[in-house]
Every structure is written in C-alpha cells, then in structure tokens.
Amino acid sequence: MIEGGLPARKRRQGERAAPEHGSLHPGSSRSRTTAAVEGPAPRVRVLLADPQTVVRQGLRRILATDQAIEIVGETGDGRSAVEMAERLQPDVVVMDVALPELNGIDATRWIVQRTKRTKVLILTTVTDDMAVRRGLKAGASGYLLKAAEDLDLLKAVKAIARGASSFSPVVSQMLLRGYLGNKGGRSVEDDLALLTDREREVLQHIAEGKVNKEIAAELSISANTVETHRKRIMEKLDLHNTAALVRFAMRKRIVT
C-alpha cells in the first residue's frame, strides 16, 4: 500500500493534464453547468387593467413582442385590479384612470399600499394636471398617454419594473410647469383629501348612477351605512345634492 492513496495514472503521450480543481476553461462542462444554473433573467410580470377589452387585447399584442415581458392577468375594473394584484403579485400593473367600481387612481393607492413590491404604470388618455398629480400622489411610478409609440410602452414597463420612473413628454412638461409655478397655497386635491377611502368609493358609485341599495351590495355594507357615507361626503365637501356630487367626481377625475 502506498501512503497518500493511489498513485496518479501515467498519462499517455499527447494526453493533456486535467485542470486543477477550481479552474475553468472555455467550453468545459463546469462552465456550461454554471451558465445553466444562472439561466436567463426573470421576465417582467404584468397585469393589465383597462375597461375596454379591445384595448387590453392591443396591449397584450404589443407587450408580447418583447420576450422579457409576461402577461399574468387582465381585468376591466379597479376593484378586481386590486384583488388580482394582491393574488398574483405582478411586477407592474398597467392601469387606466377611468375604471368602473374603483377608479384607477384609488386602485393605484390600494395596490401600492397592499402589495409593497408591485409598481403601477398609468396608461390613459387623461392629461389634465389634477389627474397626473393625484396619480403620482397615489404612488404611480409612471404616467404614459395611450398615444405613445409601442416602443415607449415597452421601455416604460421595463424601466418601472427595475425601479425607475417613466412619463410621456407632455406629462413631464406639465409636472415641470407645476413645480416651477407652485408658490404654495391650497392644493388642488385638498377637498378630496377630506374623504376617507370608503367615502371615495361611495362617491364613485354615486357618480356612476347607482342607488344606495346597489352600492350597499357592491361594498357589502347596509343601505343605511351608504346613506350615512353620502351625508358625510356632502357635509365635508359642502355639496347639497347628487348632481353636485357627480360634477365634483367628474372634476376630480374619479369618473370620466
């Protein structure tokens, strides 16, 4: 028996020595294994929330052209968008502002609060200053107009997924003007901020033309509770009838 174990096998003429432990050569099995373990980067998981089926179909076709993006779900209303975001945990939600049940801005606020990691890209035709400010205050990471090019949408989704922001040029200019022209004073959404989350929900349903009984069924509360919310909303906003509530909701882009 030889101390230290078996002697090394004598190499035949022309046979190369095996690489030392830990060394790698291009094409070696170890380097190939390492590459296989690392694999491709994970795809960006996207949830679509738009009230129009044809628009969602178009967005699917655009996003499907990039292999780095995966569509994990779609919905046509804000309440479902919040529920699906909690369940699916997408990287990015592409969200319209004008959603039934729960508008896109309030849905954005809920998603950002409840999922923590999910980012929201607002994709809409709404361009007024108030909607942009409310969207960003709700936690949206980007605000893109539907008139944008396909490539702009793809870039925006991937940028937001990695923690950056993305805005249409017109929105960027609007934000810059607002920043430069802001000399204090009353915020454009001070009065809306007087309402609780539940009161904003009730206000949206009222503005959508639903009666107390319908709202109660939607929110799983009693009709009396809905009426109490209605009265409190009117008191806080100093509005005195349903028509005034509807005009207020439209002005604030709660409904369009």
Is it the case that over 12 heavy atoms from other parts of the model lie below 6.0 angstrom from the NZ atom of Lys155? no
Min side-chain heavy-atom separation Asp150-Asp152 under 4.5 Å: no
So how far is it from Trp110 CH2 to Glu86 CD, rounded to the nearest 0.5 Å? 9.0 Å
Rounded to the nearest 0.5 Å, what separates atom CD1 in Ile215 from atom OG in Ser220? 13.0 Å
CG on Leu144 to CZ on Phe167, rounded to 0.5 Å: 10.5 Å
Check the pair Lys158 / Asp66 against salt bridge (Lys or Arg N to Asp or Glu O under 4.0 Å), numbers first and verdict last. CA-CA 10 Å; Lys158 291 191 286 188; Asp66 194 317; 2.6 Å; yes
Transitive ILVMFWY side-chain link Val92 to Met84, under 4.5 Å: no
Would Val202 and Ile206 count as a side chain to side chain contact (heavy atoms under 4.5 Å, CB included) if you check the C-alpha gap in whole Å, the side-chain angles of each, and the deciding distance to 0.1 Å? CA-CA 6 Å; Val202 171; Ile206 292 172; 3.8 Å; yes
Once rounded to the nearest 0.5 Å, what's the spacing between atom CZ of Arg109 and atom CG of Leu102? 9.0 Å
Trace of the side chain to side chain donor-acceptor pair (under 3.5 Å) decision for Thr225 with Ser222: CA-CA 5 Å; Thr225 301; Ser222 70; 2.8 Å; yes
Between the main-chain N or O of Arg61 and the side-chain N or O of Thr65, is there a donor-acceptor pair closer than 3.5 Å? no
Check: Glu201 main-chain N/O paired with Gln204 side-chain donor or acceptor under 3.5 Å: no
Heavy-atom closest pair, residues Arg56 and Gly76: NH1-CA, 3.5 Å
Using side chain to side chain contact (heavy atoms under 4.5 Å, CB included) as the criterion, list what pairs up with Val170, not counting sequence neighbours. Leu145, Ser168
With a 4.5 Å cut-off on side-chain heavy atoms, are Met234 and Leu245 touching? yes
Starting from the C-alpha separation in whole Å, work towards a yes-or-no answer on salt bridge (Lys or Arg N to Asp or Glu O under 4.0 Å) for Lys210 and Glu101. CA-CA 11 Å; Lys210 296 173 184 172; Glu101 305 298 333; 3.4 Å; yes
Heavy-atom closest pair, residues Ala98 and Pro51: O-CG, 3.2 Å
With a 4.0 Å cut-off, would you call Asp106 and Arg200 a salt bridge? yes
Got more than 12 heavy atoms from elsewhere within 6.0 Å of CZ, Arg45? yes
Between Tyr143 and Val112, is there a shared hydrophobic cluster once you connect ILVMFWY residues whose side-chain heavy atoms come closer than 4.5 Å? yes
Might you point out which heavy atoms bring Gly135 and Thr108 nearest each other, and give the distance in Å? O-CG2, 4.5 Å
When rounded to the nearest 0.5 angstrom, what is the spacing between CG in Asn103 and CD in Glu208? 9.0 Å
Here the gap from Arg134 atom CZ to Leu136 atom CG, rounded to the nearest 0.5 Å, amounts to 11.5 Å
Would you kindly confirm whether Val54 and Met95 end up in one hydrophobic cluster when ILVMFWY residues are joined by side chain heavy atoms under 4.5 Å apart? no
Test side chain to side chain donor-acceptor pair (under 3.5 Å) applied to Thr242 and Arg230, step by step: CA-CA 9 Å; Thr242 300; Arg230 182 192 291 262; 3.2 Å; yes
Could you walk me through whether Arg198 and His229 satisfy the side chain to side chain contact (heavy atoms under 4.5 Å, CB included) test, starting with their C-alpha distance in whole Å, then the side-chain angles of each, then the deciding distance to 0.1 Å, before giving a yes or no? CA-CA 8 Å; Arg198 178 63 86 187; His229 284 309; 3.4 Å; yes
What are the two closest non-hydrogen atoms of Leu63 and Val46, and how far apart are they? CD1-CG1, 4.1 Å
If you look at every heavy atom in Gly73 and Leu88, which pair is closest and at what distance? CA-CD1, 4.4 Å
Val44 versus Ala161, closest heavy-atom pair with distance: CG1-CB, 3.6 Å
Does one hydrophobic cluster hold both Ile105 and Val55, with members joined at side-chain heavy-atom distances below 4.5 Å? no
Show your working on salt bridge (Lys or Arg N to Asp or Glu O under 4.0 Å) between Lys236 and Glu199 and close with a plain yes or no. CA-CA 10 Å; Lys236 289 180 177 181; Glu199 286 167 348; 2.8 Å; yes
Taking Arg60 first and then Glu74, would you say they form a salt bridge - that is, a charged N and a carboxylate O separated by under 4.0 Å? yes
Check whether Leu99 and Val97 end up in the same hydrophobic cluster, where Ile, Leu, Val, Met, Phe, Trp and Tyr are linked by side-chain heavy atoms less than 4.5 Å apart. yes
Non-hydrogen side-chain atoms of Glu218 and His205 separated by less than 4.5 Å: yes
Run Val93 and Ile111 through side chain to side chain contact (heavy atoms under 4.5 Å, CB included) and show every step you take. CA-CA 9 Å; Val93 179; Ile111 289 171; 4.3 Å; yes
Review item, side-chain donor-acceptor pairs of residues 118-127, under 3.5 Å, at least two apart:
{"from": "Thr118", "atom 1": "OG1", "to": "Pro90", "atom 2": "O", "distance (Å)": "2.7"}
{"from": "Thr118", "atom 1": "OG1", "to": "Thr115", "atom 2": "OG1", "distance (Å)": "3.4"}
{"from": "Lys119", "atom 1": "NZ", "to": "Arg117", "atom 2": "O", "distance (Å)": "3.4"}
{"from": "Thr124", "atom 1": "OG1", "to": "Asp96", "atom 2": "OD1", "distance (Å)": "2.9"}
{"from": "Thr124", "atom 1": "OG1", "to": "Val126", "atom 2": "N", "distance (Å)": "3.1"}

Check step by step if salt bridge (Lys or Arg N to Asp or Glu O under 4.0 Å) holds for Asp50 and Lys146. CA-CA 11 Å; Asp50 193 283; Lys146 287 183 176 178; 2.7 Å; yes
Min side-chain heavy-atom separation Val94-Leu47 under 4.5 Å: no
